[in-house]
Amino acid sequence: MPSEHPVQAPSIAAPSNRTTPRRSQNLWRLRPYLRPHKWRLVTMFTTAILGVGVSLTVPLVTRAIIDGPVTRREIDLLLPLGLLALGLSISEVLLVWVRRWAQSRTVSDLEANLRNDLYIRLQALPMEFHSRWQSGQLLSRVTADLSTIRRFMGFGLLFLVINILQLVVVTFLLLRLYWPLGVVVLVAAAPIIIVSLKFEKKYLAISRRVQDQQGDLATRIEESAVGFRVIKAFGRREHVKKQFDDGAVKLYETSVDKVRLASRFWTFLEVIPNLTLVIVLLLGALAVGRHSITLGTLVAFITLMLSLIWPVESLGTILAMAQEAMTSADRISEILDTESTITDGPDELVDPRGHLVFENVSFRFGPDSADVLHDINLDLAPGTTLALVGATGSGKTTLTSLVPRLYDVTGGRITIDGHDVRDLTLKSLRSAVASAFDDPTLFSMSARENITLGRPDATDAEVQQALEIAQATFANELPWGLETRVGEQGMSLSGGQRQRLALARAVLARPAVLVLDDTLSALDVHTEALVEEALRNVLAATTGIVVAHRASTVMLADQVALLEGGTITHVGTHQELLATVPAYRTLLAAEEEEVHA
Ligand SMILES: Nc1ncnc2c1ncn2[C@@H]1O[C@H](COP(=O)(O)OP(=O)(O)OP(=O)(O)O)[C@@H](O)[C@H]1O
């Protein structure tokens with residue numbers, strides 16, 4: 001099915017040192033996603049820094065009011081100072097508003113673009129990649145990991161910079177206002193910073209455990225939803241429920257540990273500033289009594305000191321967030337850095353006739369594994385149909401997967417109309433070759449969308465014709481006709497109905513080469529006969545490879561190839577092979593017995 005159009009993978013730079021990447025390297029590599037938002041980022045940081053400046057000026061204005069109009073009765077200063085304080089407060093609110101506006105647009109765009117690129121990359125990666133990775137792992141990277149990065153980029157990074165800036169500036173101001181009290185605050189800050197850093201490490205480890213356990217639980221839920229029929233049929237509800245319970249209890253306990261750790265940390269953070277406040281108040285009152293500082297300075301000092309609490313408290317959490325974002329960036333880079341081995345060739349296949357040739361083709365799944373196929377030589381003239389017969393596991397599916405380049409041959413070559421399939425653009429190759437598999441995947445969309453996946457521009461008449469050929473006109477009788485959304489994985493349809501819709505999809509694509517991989521296996525004998533009759537017309541106009549287990553399917557083909565021990569041992573008509581090849585006779589007889597059993 002020509003559904004997989006060649007797509008451009010995102011162009012982020014590869015890590016410069018692949019053997020020992022620094023923890024932050026993969027996060028840093030995501031910076032191209034921020035580049036289009038340069039001005040918003042400048043706005044974000046400028047308004048945030050101005051905001052800090054304004055919030056730190058307010059206590060100094062308060063000091064001027066207390067020392068001037070309040071203490072020295074300089075009433076004429078009250079109005080300008082009051083207006084200044086009001087202006088500062090209003091501008092602080094405006095600055096926060098502008099910052100939030102710039103921030104929300106930037107991070108939403110970052111997440112959306114990154115997710116888009118990740119999805120495109122996943123679509124472009126070959127079958128070999130998808131058979132190695134669990135779908136749950138991919139899902140968690142595209143959802144949870146991206147959200148972690150968004151949270152850090154949008155919130156953590158900004159406040160990391162702002163909080164450190166605020167810490168430095170306020171400490172400087174406190175030391176300038178009255179250095180002995182400034183030293184007291186510095187001494188009090190030291191244990192907070194040490195404990196924060198320790199907390200960050202522990203919190204990161206426990207957060208990771210929670211994330212992993214959430215993933216495990218989600219996998220259990222997904223598996224029991226998808227496999228509910230098997231669970232019910234085998235009466236394993238209690239067993240599955242117990243597995244779920246175990247996972248849920250484990251997650252609950254780890255989450256409680258996480259909350260306990262956080263509450264111990266927050267309590268500690270509450271106690272130290274409060275103790276420091278008491279000490280500063282006592283020493284400050286003595287200093288005011290001795291006229292070492294004014295009352296206004298003490299008020300400004302305390303206000304500024306209190307403004308330090310949040311930046312100090314949040315430092316541990318923000319650093320933990322940074323760690324999580326780095327790990328997420330590593331996990332995402334594992335996908336973005338995977339090279340796509342199956343890429344476009346330079347040639348377009350114009351008006352394909354469907355002359356399909358296998359020349360000494362061999363294939364193995366990995367460099368260290370044995371050949372699954374070897375010395376395959378086949379020549380299918382345009383319009384001819386070949387039935388592929390072989391024992392289970394003999395490599396029939398693998399052989400058919402090589403034609404649309406779901407895998408690439410590891411030896412020899414496959415040509416269509418004289419072009420090596422590797423020299424063709426994937427779009428033109430996959431428009432020329434359509435496949436219907438034994439496991440017919442239907443997507444969560446309308447029946448029409450599922451059928452027209454390979455040819456979205458097909459007319460109603462063409463759709464109806466394909467449905468008739470595939471004996472799938474039942475789709476018109478669905479509650480909303482072809483607009484009916486077929487359930488997740490097409491589960492609201494029977495196996496045979498799904499196969500017939502998948503067949504209609506392949507037929508509608510009007511391919512030059514049609515690959516039917518055991519597509520008729522879920523049909524009852526009566527429907528199979530009807531579909532075969534219709535297919536005979538389709539196959540007359542196209543080059544076909546039909547993986548066949550039954551004599552009735554073999555009859556659709558002009559020739560039969562017997563696949564044994566990874567190679568084609570015999571090619572001939574059904575009658576010839578029946579008469580001359582005992583292994584073929586045995587194989588078809590066994591399959592027939594299986595079917596009728
Ligand atoms: N992704 C994979 N990685 C490694 N080996 C694989 C992979 N897919 C299939 N194989 C192996 O390749 C061989 C051929 O498998 P294939 O699915 O092509 O057989 P088949 O003839 O279509 O079988 P069946 O009739 O049961 O569908 C088998 O031994 C199988 O275990």
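Just so you know, ligand 1 is whichever comes first in the structure, and atom 1 is the first atom listed for that ligand. Residues take their numbers from the sequence shown, with the count starting at 1.
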Charged N to carboxylate O under 4.0 angstrom, Asp145 versus Arg150? no

Considering only protein heavy atoms, determine whether one is less than 4.0 Å from atom 3 (N) of ligand 1. yes

Ligand 1 to His549, heavy atom cutoff 4.0 Å, flagged ligand atoms 25 (O)

Which of parallel (below 30°), tilted (30 to 60°) and perpendicular (above 60°) describes Tyr407 and Phe365? perpendicular

Nearest-contact summary for atom 28 (C) of ligand 1 - protein heavy atom, Å: Gly393 O, 3.7 Å

More than 12 heavy atoms of other residues, nucleotides or ligands under 6.0 Å from CD of Gln465: yes or no? no

Closest to atom 25 (O) of ligand 1 among protein heavy atoms sits Lys396 NZ, 2.8 Å

Taking every heavy atom of Leu380 against every heavy atom of Gly544, the minimum-distance pair comes out as CD2-O, 3.5 Å

Which atom pair, heavy atoms only, marks the closest approach of Glu348 to Ser428? OE1-CB, 3.4 Å

Which residue owns the protein heavy atom closest to atom 22 (O) of ligand 1, what's the atom, and how far is it? Thr397 OG1, 2.7 Å

Of all the atoms in ligand 1, which lie at a distance below 4.0 Å from a heavy atom belonging to Thr398? 14 (C), 15 (O), 16 (P), 18 (O)

Min N/O separation Gly395 to ligand 1 under 3.5 Å: yes

Going by atom types only, do Thr254 and Gln213 share a side-chain donor-acceptor pair under 3.5 Å? yes

Using a strict 4.0 Å cut-off to heavy atoms of Thr392, name the atoms of ligand 1 that fall inside it. 23 (O), 24 (P), 25 (O), 26 (O)

With side chain to side chain donor-acceptor pair (under 3.5 Å) as the criterion, how do His355 and Asp379 come out once you've worked through the C-alpha distance, each side chain's angles and the decisive distance to 0.1 Å? CA-CA 8 Å; His355 185 193; Asp379 189 335; 2.8 Å; yes

Would you say the ring centers of Phe363 and His374 fall short of 6.0 Å from each other? no

Numbered atoms and elements of ligand 1 in range of Ser394, under 4.0 angstrom, heavy atoms: 19 (O), 21 (O)

Could you say whether the N/O atoms of Val372 and ligand 1 ever approach to under 3.5 Å? no

Does atom 30 (C) of ligand 1 have a protein non-hydrogen atom under 4.0 Å from it? no

For atom 11 (C) of ligand 1, grab the closest protein heavy atom and report residue, atom and distance to one decimal in Å. Phe365 CE1, 3.8 Å

